Amino acid sequence: MHLISIPDKDQILIYSMEYQFRSIEKKWQDHWKQTNAYKVPNVSAKPKFYVLDMFPYPSGAGLHVGHPLGYIASDIFSRFKRLKGFNVLHPMGYDAFGLPAEQYAIEHGIHPAVSTDQNINNFRKQLDNIGFCFDWDREVRTCEPGYYKWTQWIFLQLFNSWFNRDTQKATPIAELVKLFEEKGSQSSSVKSSAYSFTATEWKSFDAEKQQTILMEYRLAYCGYGEVNWCEALGTVLANDEVVNGVSERGGHPVVKKKLRQWYLRITEYADRLIEGLDRIEFSDAMKEMQTNWIGKSYGAEIDFEVKSEKSKVKNLRVYTTRPDTIFGVDFMVIAPELDIIDDIKSAEQATAVDDYLAYVKSRSDRERMAEKKISGVFSGAYALNPFNGQEIPIWISEYVLAGYGTGAIMAVPCGDERDHKFAQHFSIPITNIIGKHYDGVEANPTKDAILENSDFLNGMVMRDAIGVVIDKLEQKGIGTRKVNYKMRDAAFSRQRYWGEPFPIKWKNGVAYPLSENELPLQLPYVDSYKPGPEGEGPLANIPEWVAKELETNTMPGYAGSSWYFLRYMDPHNDKAFCDRSVSDYWGQVDIYIGGTEHAVGHLLYSRMWTKALYDLGFIGHDEPYKKLVNQGMIQGSSRFVYRINGTNTFVSKGLLKDQLVDQIHVDVNFVDGYELDMNAFKQWRNKEYAAAEFILEDGKYICGSETEKMSKGKYNTVNPDLLVDKFGADTFRMYEMFLGPVEISKPWDTKGIEGVHRFLKKFWRLFYDELKGKVWNDDKATDAEWKVLHKTIKKIEEDTERFSFNTAVSAFMICVNELADLKCNKKEILQPLVVLLTPYAPHISEELWTLLGNEGSVLDAAYPVFEAKYLVESTKEYPISVNGKLRTTIDISLELTQPEVEAIVLGNEVVQKWLEGKMPKKIIFVKGKMVNVVI
RNA sequence: GCGCAUGUGGCGUAAUUGGUAGCCGCGCCAGACUUAGGAUCUGGUGGAGUGAUCCGUGGGGGUUCGAGUCCCUCCAUGCGCACCA
């Protein structure tokens, strides 16, 4: 009999040889806690490795089985790196500011700080269950003053900096002031703005004017932007909260309203954000998404003279990437939002234009986006082609966006699909400038056609004409070469309570930063979360706050998450956001794990903040994440019952015929596979279905199933706590990995977890048998056993290194199956396996490690070293194909040459049968792989 | 509409470089042990056929001695979006 001791206050002894996962896991979790097993030092002789998870927003719903997927993957990798001799930083924290907590506060009157705290405690309990190796001493919460003090501090650095176009770097604003004092606004390092002045003029400006000008350059700046304003609710709504043009709650109308907003000048970093992608390991898909989002394009801005009845507007400026098509312009299109519309519309078209604008205003962005049908209206005005004076009608249509370029395009139907459809729809005549390349049916966006009908460009290849046209436009002073970006500056303020306050005071319309020693500017306690007047945030309702002339907006969710990876390095520092020597030690995040939904938001913002902090000398690297791994979503597998319409009778799935039935979601937690637990169902939802009657097949009620998003409303969420309780954390961890590749989305299936649990039990039985007790021994291993071990070492090491955890779990299973077949209970084979298993199933590994008589923790054991000599083979079972179809296999020595192999193959009776006496045309022999006989 | 991703047994998946398709697990079938099994163990399990064989990686086409893998095209599903000129 073997003995498991549980180091409790009242120590109890359990005599057992079974795999007692509950006591084992509790014992070691307590032990690791007491011994600070996961504490990570900032000073170490070991090489560093930084593994980071995207930290969670602590929602009230708690964790479901989809959440820990990435955490388990990163935990396995962290433990693996630790065994390999690295000092591994693997922290966790909470992205704790956010809208849901505030919404909950509005509805239930519970302060966001309170509910957030409760949610965090709940999350923590659930996370601890799974046995992660997080260093909890480094936990951060973005909503704590000790944290957001530094979020505010970094904001001030951005506020006090501008982007020097010459050096392409964030630079203290004082240097810009100096530049203005010396040279005025004319300098290559200064971007163009609405203001142009000499040094003398600058000095003559009053402070207010100077500040207004500086605001044009600050990396964090104040401007005006449109928001979703809901008059009835008196508040600004997020895009999420607007459905079909009305508020999600209450269905009140939502309109665009211009409000003062903070922005981050991320557009200045566009080129560096593109360039940086070459130096980091993100998936090609992710890089592509970021590149598309930034959307750099080369083109020209061209001014077209406008001819309208009122003659109020002289020019229409358009942006185009294809100035070479200027003679193919058949109409212009301007965005419905443009102010000039009023001034150019003709009397005849006025009603039609107004109607169209009203129509557009009634439509949400979403509708406009998904719209396939073509709409638009002629304005009644014309633009003149600058080269030949031809009149071009100006149209208004929602397919042109006000926010991009100049909000106006020159439409070339023969070369652009959307323009083409528009022209066809409104019967606008189409000019063909590319001859046979345009078939009259579909536009052709080629750049390689030779231009026709194009005046001085005739005979030129389009690609070459682009530069020629721009040069000519520039000579004439009616156009300029222009690089454009789709990306816009990031809106950085919210009219909400539960976020970081801005460390900004307003005096006479000028924003002044608080000084560093006034930080943190604490979020004041409030009783009401109602919006302030005129769309301002709830802080505007606090008299003391307003009296101090403090900014009433708060920062958005992504403020805290844009730099948290730095705070983990030095979380308790109250002198700096992170000591430079510490960030120099840890450097970049080596592996960052999270979902693709952050592809263009968080991942771009945090890259920008990192670059700015780098420019200003606060950290030594300008890309936060060296490598990114995207985890897939775990989908829910919903279960349904079928109730015959108007009755209380439920029909089993297999017996469904033509009856009209209601398909009803049932809670997956009382369905075993597909079989419904009818009693549990009757008790469900306060016995709503207590009177249910069932039509069964083979005495069972079989449910229907569908794969959907995992969510409470679909009753398909599965709580990890239940599974850990039933099967143990080790089983749960391995099963989540066994489900499939980390980066692929797949449905959850609770049923399969038993297979992994069986595996761990089988593994345990190699050491301890239910009847015989200890079965492991010190016998010498055979060649076959060594081979199994080293094959496994190789596979596990390679798979873990490349994040292929599902195949690694499978390799463990194969190994245990083979050792069981060999009846191998030998310590010299089993002990290295225990170490290999440690990252995946740390609890059982630590237990067996101790039981094998080892001192110290398995967490720091030496990782087994693969030796190729155990895997050397002398023969190979070759697949023999005839004309590419497998016909047989033959064991052939690996030493033989091609002619020798050919002789063996041709002598084989199966091959001879297929040859039918003919001579093969050729024999393909790939040594160590296969043989193919071609007849 | 645009962008990205994914399609392999009843299910989750495997096949690392173009070289034996279906490893491992679930489920299912049969059996052993058992008072019993939702425990454990053993064997079987892509489809058709008595069989030799044939068919099979979303559909169609192509390249190749050989294609799940490469190319073209179509279809379906999921996710994202700011119709990006």
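Model, not experiment: these values are computed from the prediction. Sequence lines set the chain letters: A, B, ... in the order given, protein chains first and strands last, and positions in each chain run from 1.
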Can you check the [X] [atom1] to [N] [atom2] distance for me, whole Å?
| X | N | atom1 | atom2 | value |
| --- | --- | --- | --- | --- |
| N932(A) | C65(B) | CG | P | 10 Å |
| I880(A) | C65(B) | CD1 | P | 19 Å |
| N484(A) | A82(B) | CG | P | 18 Å |
| F812(A) | G25(B) | CZ | C1' | 16 Å |
| I744(A) | G78(B) | CD1 | P | 16 Å |
| Y19(A) | U40(B) | OH | P | 14 Å |
| Q898(A) | G19(B) | CD | P | 18 Å |
| I890(A) | U20(B) | CD1 | C1' | 13 Å |

Taking only the side-chain nitrogens and oxygens of [X], find out if one of them lies under 4.0 Å from OP1 or OP2 of [N].
| X | N | result |
| --- | --- | --- |
| R488(A) | C84(B) | no |
| N806(A) | A14(B) | yes |
| K795(A) | C24(B) | no |
| K746(A) | U77(B) | no |
| K761(A) | U40(B) | yes |

Using the [atom1] atom as the point on both nucleotides, what is the distance between [M] and [N], in whole Å?
| N | M | atom1 | result |
| --- | --- | --- | --- |
| C24(B) | U45(B) | P | 11 Å |
| C70(B) | A15(B) | P | 14 Å |
| U57(B) | G12(B) | C1' | 16 Å |
| U77(B) | A82(B) | P | 23 Å |
| A39(B) | G22(B) | C1' | 30 Å |
| A21(B) | G56(B) | P | 13 Å |
| A67(B) | C29(B) | P | 38 Å |
| G68(B) | C84(B) | C1' | 37 Å |

As a test of reading the structure: which of [options] is closest to the side chain of [X], going by heavy atoms?
| X | options | value |
| --- | --- | --- |
| M813(A) | U40(B), C24(B), G38(B) | C24(B) |
| W914(A) | A82(B), C41(B), U53(B) | U53(B) |
| D749(A) | U20(B), C26(B), U16(B) | C26(B) |
| N817(A) | G25(B), A14(B), A85(B) | G25(B) |
| T321(A) | U20(B), A85(B), U53(B) | A85(B) |
| R418(A) | C41(B), C83(B), G12(B) | C83(B) |
| D416(A) | A85(B), A15(B), C83(B) | A85(B) |

Could you check whether D330(A) and T431(A), counting side-chain N and O atoms only, form a donor-acceptor pair closer than 3.5 Å?
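Result is yes, a qualifying pair exists.
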TODO: State, without any angle test, whether K486(A) and N292(A) hold a side-chain donor-acceptor pair at a distance under 3.5 Å.
DONE: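 Short answer, no.
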Find which nucleotide of RNA chain B each of V934(A) and R322(A) is nearest to by heavy atoms, and output the residue with the more 5' nucleotide.
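Of the two residues, V934(A) wins.
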Item checked: K421(A) or T889(A), whichever maps to the more 5' nucleotide of RNA chain B ->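 First, find each residue's nearest nucleotide; the 5'-ward one identifies K421(A).
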query = Thinking salt bridges, do K913(A) and E909(A) make one under a 4.0 Å N-O criterion?
reply =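 Not counted as a salt bridge, because no side-chain N and carboxylate O are separated by less than 4.0 Å.
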Base-pair string, RNA chain B, Watson-Crick plus G-U, cut-off 3.5 Å on both distances, | for inter-strand, is (((((((..(((......[....)))((((((.......))))))(((....)))..(((((..]....))))))))))))....
Name the nucleic acid region contacted by [X], choosing base, sugar-phosphate or nothing; use a 4.0 angstrom heavy-atom cut-off, strictly under.
| X | result |
| --- | --- |
| I409(A) | base |
| N292(A) | sugar-phosphate |
| I814(A) | sugar-phosphate |
| T807(A) | sugar-phosphate |
| R758(A) | sugar-phosphate |
| E877(A) | base |
| K486(A) | base |
| K885(A) | sugar-phosphate |

Pick one for G9(B): is it syn, with its angle within 90° of 0, or anti?
->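 Syn.
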E798(A), E873(A), E818(A) screened by salt bridge (charged side-chain N to carboxylate O under 4.0 Å, His left out) with K791(A), the one that passes: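 Considering E798(A), E873(A), E818(A), a salt bridge (charged side-chain N to carboxylate O under 4.0 Å, His left out) with K791(A) is found only for E818(A).
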(request) Mind telling me whether F812(A) and F759(A) have parallel, tilted or perpendicular rings, with 30° and 60° as the class edges? (result)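 Rings of F759(A) and F812(A): tilted, 30 to 60°.
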- Decide ring-ring contact (aromatic ring centres under 6.0 Å, His included) for F331(A) and F426(A); before the verdict, give the C-alpha distance in whole Å, the side-chain angles of both, and the deciding distance to 0.1 Å. CA-CA 11 Å; F331(A) 56 102; F426(A) 290 105; 8.6 Å; no
What's the spacing between I470(A) CD1 and I302(A) CD1 if we round to 0.5 Å?
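So the CD1 of I470(A) and the CD1 of I302(A) are separated by 8.0 Å.
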request  = Rounded to the nearest 0.5 Å, what's the gap from CE on M54(A) to CD1 on I593(A)? Could you check?
outcome  =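 Between M54(A) CE and I593(A) CD1, I get 9.5 Å after rounding to 0.5 Å.
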Notebook entry, point to check: Is the F732(A)-Y735(A) ring centre distance short of 6.0 angstrom?
Noted result: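 So the answer is no for these two rings.
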**Asked** Of all heavy-atom pairs between V905(A) and V933(A), which one has the smallest distance, and what is that distance?
**Response**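 Smallest heavy-atom distance, with atoms named: CG1-CG2, 3.8 Å.
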Of all the heavy-atom pairs spanning Y605(A) and I266(A), show the shortest one and how long it is.
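Scanning both residues completely, I find the closest heavy atoms to be CD2-CD1, 3.9 Å.
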### Message
Run T267(A) and D489(A) through side chain to side chain donor-acceptor pair (under 3.5 Å) and show every step you take.
### Response
CA-CA 6 Å; T267(A) 49; D489(A) 281 340; 2.6 Å; yes
Original post:
Where along residues 282-291 of chain A does a heavy atom come under 4.0 Å from RNA chain B, residue by residue in number order?
Top reply: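 Nucleic-acid contacts, sorted: A285(A), E288(A), M289(A).
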Quiz prompt | Set of salt bridge (Lys or Arg N to Asp or Glu O under 4.0 Å) partners for D769(A), sequence neighbours left out | solution =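 D769(A): no salt bridge (Lys or Arg N to Asp or Glu O under 4.0 Å) contacts found.
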